[in-house]
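Read through the structure below, which is laid out as structure tokens, and then see the notes.
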Amino acid sequence: MRLLLTGGAGFIGSHTSLLLLQRGYDVIIYDSFVNSSYKVINVIKSYLDSDGIDYKLKTIKGDIRDKSSLEKIFKDSIKEGNAIQAVIHFAGLKSVAESVKYPLKYWDVNVCGTKNLLEIMKDNECYSIVFSSSATIYGLTNAVPISEDQTVSPMNPYGKTKVAIENMLCDLFKSNMNLWKICSLRYFNPVGAHPSGLMGEDPIGIPSNLFPYITQVAIRRINLLKVFGDNWNTEDGSGVRDYIHIMDLSEGHIDAIGFLKSKKSIYESINLGSGKGYSVFQIIREFELSTGCEIPFLIEGRRDGDVAEYYADISKAERLLGWSPKRSLKQICIDGWNWQRNNPEGYT
Ligand code: NAD
Ligand code: UD1
């Protein structure tokens, strides 16, 4: 089965690409490399080569807003007699802070780029798509665990583009309910790395998320961690989140593709998280215990837009996809540290 992975060279896309290739899928990665490195493609290839796996991978550099370049991939695949049967749509911009500064850029890349992709899919009779949505769309919420039927109320332009795309996908489904197979996966906090230590998260500049920040403190690229508030209404006063191992998350995509394949038509939004909440202090403690690295920290004020506690109700993913996370917080810390230690400067 041939799949197109937009943004397939990114953090989540690269791990998912490798898994799909290991399981015999024919993969086309389409990525502008605006937030990723071509080196990850070579890592994927050499990993598969060293395992003696015969694989089918094409990588094409391009922007999802470039209609002719994207269209050519669909047409060429049809000409080869190996049409693209489904798309996993990772491509997009994901920084909350940048989206506040440059909202039009986010609406252009995320929303217009997705509209472009959907038009081309429709024209080329490819009707299956798995979309990378985000738990950020739930906004301020007091009700945990968060289930998919909770009202969405995004608090920043990034989150608003994700809601707009989900609405676009839903409208498209309703326009022909016998045709489209659509699954929006609402990720919570993807963290950790491939167990080989060869692939992981490689943020540009200073990380804004907790986990890559901690691994960079551990490798001493950054002096200390700033903990954003110790006076939240949580058990130990620090913010609580749902951290999901990148390998568990990647496996969720394989199950989502299988789920779509088994349906005649479908539209679903599904949470992917660990279903557990861990506080910042718990993460620091577990990281120190699992890796032996000390993480010096300082308590700072709360970060704008933060919430006290966020974790997923994952019963829908378990029920519909037959998916459940298998890896512990300890495994997240060990794998994340292994990647950072082996690649102190990431892919560069
Ligand atoms: P990432 O930045 O590592 O990967 C995104 C990839 O898309 C990158 O390789 C980038 O080069 C590519 N890209 C960006 N704009 C493009 C364009 N116009 N055309 C073609 N390619 C383009 O991010 P990620 O963490 O792997 O996230 C993947 C998806 O999941 C994103 O849509 C993101 O919004 C969503 N998501 C991520 C998280 C997270 O915490 N990592 C959480 C929720 C949702
Ligand atoms: C953040 C984004 C969210 C996005 C998600 C994944 C904000 C307000 N929210 O979510 O929209 O979907 O990343 O990309 O930016 N923390 C520290 N010190 C740090 C970094 C984080 O104490 O240096 C704390 C935070 O206050 C939070 C927890 O660690 O309690 C996790 O933070 P983070 O990794 O940024 O994820 P989210 O807050 O869930």
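Excluded from the calculations below are hydrogen atoms, water molecules and symmetry mates; all remaining heavy atoms, backbone and side chain alike, are included. In each ligand, atom 1 is the first atom listed, and ligand 1 is the first ligand listed. Note that the coordinates shown come from a computational prediction; the quantities given were computed from them, not determined experimentally.
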Anything under 30° is parallel, anything over 60° is perpendicular, the rest tilted; go ahead and classify Phe281 against Phe297.
-> tilted
Do ligand 2 and Leu210 have nitrogen or oxygen atoms that lie under 3.5 Å from each other?
-> yes
Heavy-atom contact under 4.0 Å between Lys162 and ligand 1?
-> yes
Geometric class of the Phe131/His89 ring pair [parallel <30°, tilted 30-60°, perpendicular >60°] = tilted
Enumerated ligand 1 atoms positioned under 4.0 Å from heavy atoms of Phe90 | 28 (C), 29 (C), 31 (C), 32 (O)
So, is Lys94 polar-close to ligand 2, with some N/O to N/O distance under 3.5 Å?
-> no
Pair His253 + Tyr187: ring centers closer than 6.0 Å = yes
Out of Phe131, Tyr30, Tyr187, Phe11, the nearest non-hydrogen contact to atom 30 (O) of ligand 1 is supplied by Tyr187
Plane angle bin for Trp337 and Phe287 - parallel if under 30°, tilted between 30 and 60°, otherwise perpendicular | perpendicular
Options Gly239, Ser95, Gly139, Ala97, ranked by nearest heavy atom to atom 30 (O) of ligand 2, top entry | Gly239
Got an N/O contact under 3.5 Å between Ala91 and ligand 1?
-> no
Under 3.5 Å: N/O of Tyr158 near N/O of ligand 1 = yes
Is Lys75 paired with Glu80 through a side-chain N to carboxylate O contact shorter than 4.0 Å?
-> no
State whether Arg241 and Asp306 are salt-bridged, where the test is any N-O pair (Lys NZ or Arg NE/NH1/NH2 against Asp/Glu carboxylate O) under 4.0 Å.
-> yes
Number the atoms of ligand 1 from 1 as they appear, then name those within less than 4.0 Å of a heavy atom of Phe33, with their elements.
-> 11 (O)
Side chain, backbone, both or neither: Ser208 near ligand 2, heavy atoms under 4.0 Å = backbone
contact_flag Arg303 ligand 2 heavy-atom lt 4.0 Å = yes
Decide whether an N or O pair under 3.5 Å exists between Ser134 and ligand 1.
-> no
Quick check: does Asn156 get an N/O under 3.5 Å from an N/O on ligand 2?
-> no
Before signing off on this row, confirm whether Asn35 and ligand 1 have an N or O atom pair separated by under 3.5 Å.
-> yes
Counting heavy atoms only, which of Arg186, His89, Lys61, Lys94 comes nearest to atom 41 (N) of ligand 1?
-> Lys94
Do any heavy atoms of Val109 fall under 4.0 Å from ligand 1?
-> yes
Among Gly10, Ser32, Ser69, which one has a heavy atom closest to atom 13 (N) of ligand 1?
-> Ser32
Can Pro190 be said to touch ligand 1, with heavy atoms closer than 4.0 Å?
-> yes
Do you know which of Arg327, Gln340, His245 makes side-chain hydrogen bond (donor to acceptor under 3.5 Å, both in side chains) with Asp335?
-> His245
Is a salt bridge present between Asp26 and Arg2, judged by a nitrogen-to-oxygen distance below 4.0 Å?
-> yes
Charged N-O contact under 4.0 Å between Lys263 and Glu268 | no
State if Gly62 counts as touching ligand 1 under the rule of any non-hydrogen atom under 4.0 Å.
-> yes
Between Trp180 and Tyr127, is the ring centre distance below 6.0 Å?
-> yes
Looking at Phe11, Tyr243, Phe211, which one forms a side-chain contact (heavy atoms from CB on, under 4.5 Å) with Pro190?
-> Phe11
If the plane angle is over 60° it's perpendicular, under 30° parallel, otherwise tilted; pick one for Tyr38 and Phe33.
-> tilted
Any idea which of Tyr243, Phe228, Trp232 brings a heavy atom closest to atom 19 (C) of ligand 2?
-> Phe228
Contact check, Ala135 vs ligand 1, heavy-atom distance below 4.0 Å | no
Just heavy atoms, cut-off under 4.0 Å: does Asn189 contact ligand 2 by side chain, backbone, both, or neither?
-> side chain
Residues Glu98 and Lys105 bridged, charged N to O under 4.0 Å = yes
Nearest heavy atom to atom 18 (N) of ligand 1: which of Thr16, Ile137, Asp63, Ile60 does it belong to?
-> Asp63
Any idea which heavy atoms bring Pro154 and Val163 closest together, and the distance?
-> CG-CG2, 3.6 Å
Compute the shortest N/O to N/O distance between Asp306 and ligand 2 and return yes if it is under 3.5 Å, no if not.
-> yes
Taking atom 10 (C) of ligand 1 as the point of reference, which of Thr6, Val96, Asp31, Asn116 owns the nearest heavy atom?
-> Asp31
Lys226 to ligand 2: N or O pair under 3.5 Å?
-> yes
Quick one: which of Asn209, Ile206, Ile299 has a heavy atom closest to atom 5 (C) of ligand 2?
-> Asn209
Between Phe188 and ligand 1, is there a nitrogen or oxygen pair with a distance under 3.5 Å?
-> no
Identify which of Gly92, Ser14, Ala9 has a heavy atom lying nearest to atom 5 (C) of ligand 1.
-> Gly92
May I ask you to say whether Arg65 pairs ionically with Asp108, meaning some side-chain N is under 4.0 Å from a carboxylate O?
-> yes
